[in-house]
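Okay, structure first, notes after.
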Amino acid sequence: MKRNIQKLAQQEYDLLIVGGGINGAACAWDATLRGLKVALLERADFGGATSSNSAKIAHSGVRYLQHADFKRMRESISERATLMQIAPHLIDVQPYLLPIYGHGIKGLETMTLYFAIYDLLSRDQRRVKDSARCIPNCQILSKQEVLKMWSSLDPDKLTGGAIWYEGQIHNTERLLLSYLLSASERGAEIANYVEVVECIESDNVVVGVEAKDLISGETIKVRAKTVLNACGPWIVKTLNLSREQFKDYDLHASKAFSFITRPLTKDHAVVFPIKPMYRDPQAIVNKKSSLAFAIPWRGYSLVGSLHLPCEDDPERVSISEEEIQTYIDLINEGYPEGKLRREDVHHVLWGIIPADREGSAAPLKHYRILDHAKEDGLEGLVSVVGVKYTTSRDVAQKTIDLVFRKLGQVSPLPSTKNTPLWGGDIEYLDLFMNQAIEQESDQLSPEVVRNLVRKYGSAYQEILRYLDENPAWAQVLPNSDVIQAEVIHGVREEMAEKLVDVVFRRTDLGSAGYPGDEPLRVCAQLMAGELGWNEAYTEAELRNVVDSYIIRPRTEVVCQP
């Protein structure tokens, strides 16, 4: 995957995608796989905003039953199963434990029926070749069984519990890159750090964009028969780059965040109540509380998610210390045995997501695909507003169906549902993992190989080929599971232009919290050697990493101004 700014300006594309988050990436893969000539521009780094800060769950929408929204639940269940098949190395099966109290509408009898319906809706998605990638049926537990698993629960009014299963994403950033790498292998032209500054129109038709390469400063024109706006929270801002007056689409934002903390639970994700974060008028069950989760993830716990109104420009939104402490207090009230303290929070995952109405914290429930010829009389422009990481592939498929109609072409049958993503060509994951560990045992430890497979899947040997050039690149960065060759690969083959790209989105180095001064310094020096950074530029890149954390490092960092 190489940046080729000149090539982007030299040809006309069937589809130009603006926005390199999960929805834009999934659309690029779908369109390319169906034979379209595709370009994608991202003004920062791929997935650099909300998409790389998701809650790391490929989830089934089990809570949609409270809305009797069987269609949305079926979509989510199907897409969860699909992700586990096309990217098996990135997604594990994670059990969730829900205590059940009383005998009312949320009591044992009702919840037994609830999960029976859930199993029924999931039944056909369990027919998979690799049994290790199969989501098991739910289990209803007795009071005694629940207390054996969660001994600190108050037994008063406890009547039982339930276990259901979701997909736990090891690395959402690598999943997004897998879409882009897949599209690039099929011929898509992709570039990060290219900002669209204006739409090019001719006779009320969008025929391309003017864009600025933020690396070189060069301005180019990229022409396309169709332009897809997939800019997430910036979708309205991108529409305003056109000279047209668009209708009010009632598009608003809320901010969502989760914590990465010290381990709060070992095997099962635990479900506990907190005070409602927002009113949900569409629920058929009156919510006197919301459910929060403490989920095991890579040796930590992922606790979330909290939703808050977002009325500011997405460029200026952040998470305050007051909001962090408020959420800690909510967690401790619902899960007192966690005894969460401020110093237990290593990292905050946060992003801007679509809201259901202005001033609301409630997420938008349904994706939107907008044909601006029909809505605004402006041909050649389509927008997509996604609401859920898990269903991005399905939303992309529907979006590209519309693109083909706009192009006046008959679409080939979409095949992203059964085509492995880059790195996902693995029939039996456990067998593949064991064979990889044995095959590489002469030069790498089992733990290093395991981590490589978990990130790069069937393509892990593409990382190891750099060791022929420099065997020292097999060394692990201090206090991490990242080998130096991953940094080199990120720069040479995955368009990593800045230190934050490698630290947060090409490797696991900083995705769970500040990794420490020494590994950052080694990483920066490797990138400096590849990209020709001088000492002052390298120091600026180190400071930029520190500034990217809401939870700042507690020790004095090496990179001083």
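Sequential numbering from 1 along the given sequence is applied to the chain's residues. Every heavy atom of this structure was used, including side-chain atoms; hydrogens, water molecules and symmetry mates were not.
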How close do Lys455 and Leu90 get, heavy atom to heavy atom, and via which atoms?
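Distance-wise, the nearest heavy atoms are O-CD2, 4.1 Å.
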Minimal non-hydrogen separation, Val382 against Lys406, with atom names
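Between these two residues, the closest heavy atoms are CG2-CG, 4.2 Å.
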Decide whether Ser76 and Ser60 meet the rule of one side-chain donor and one side-chain acceptor closer than 3.5 Å.
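Side chains of Ser76 and Ser60: no pair found under 3.5 Å.
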Do Asp401 and Gln397 meet the criterion of a side-chain donor-acceptor pair at a distance under 3.5 Å?
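Absent: no donor and acceptor within the cut-off.
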State the [atom1]-[atom2] distance between [X] and [Y], to the nearest 0.5 angstrom.
| X | Y | atom1 | atom2 | value |
| --- | --- | --- | --- | --- |
| Leu402 | Lys374 | CG | NZ | 7.5 Å |
| Met495 | Ser184 | CE | OG | 6.0 Å |
| Ile86 | Thr416 | CD1 | OG1 | 6.5 Å |
| Leu176 | Leu421 | CG | CG | 10.5 Å |

Can [X] and [Y] be counted as an ion pair, charged N to O under 4.0 angstrom?
| X | Y | result |
| --- | --- | --- |
| Arg298 | Asp508 | yes |
| Lys388 | Glu79 | no |
| Asp45 | Arg506 | yes |
| Asp69 | Arg72 | yes |
| Glu539 | Arg521 | yes |
| Glu173 | Lys56 | yes |
| Glu462 | Arg492 | no |
| Arg342 | Glu321 | yes |
| Lys37 | Glu12 | no |

Name the orientation class of the two ring planes belonging to Phe504 and Tyr549 (parallel below 30°, tilted from 30 to 60°, perpendicular beyond 60°).
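Rings of Phe504 and Tyr549: tilted, as their planes differ by 30° to 60°.
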Relative to each other, are the rings of Phe259 and Tyr327 parallel, tilted or perpendicular (30° and 60° limits)?
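Phe259 and Tyr327: tilted rings.
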Assess whether atom [atom1] of [X] is packed by more than 12 heavy atoms of other residues, nucleotides or ligands within 6.0 Å.
| X | atom1 | answer |
| --- | --- | --- |
| Tyr300 | OH | no |
| Lys212 | NZ | no |
| Glu358 | CD | no |

Test your reading of the model: is there a side-chain donor-acceptor pair from Trp297 to the backbone of Ile169, 3.5 Å cut-off?
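Yes, Trp297 side chain to Ile169 backbone: donor-acceptor pair under 3.5 Å.
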Are Glu210 and Lys221 close enough, and set up right, to give a side chain to side chain contact (heavy atoms under 4.5 Å, CB included), and what steps lead you there?
CA-CA 4 Å; Glu210 185 173 303; Lys221 291 182 179 179; 3.7 Å; yes
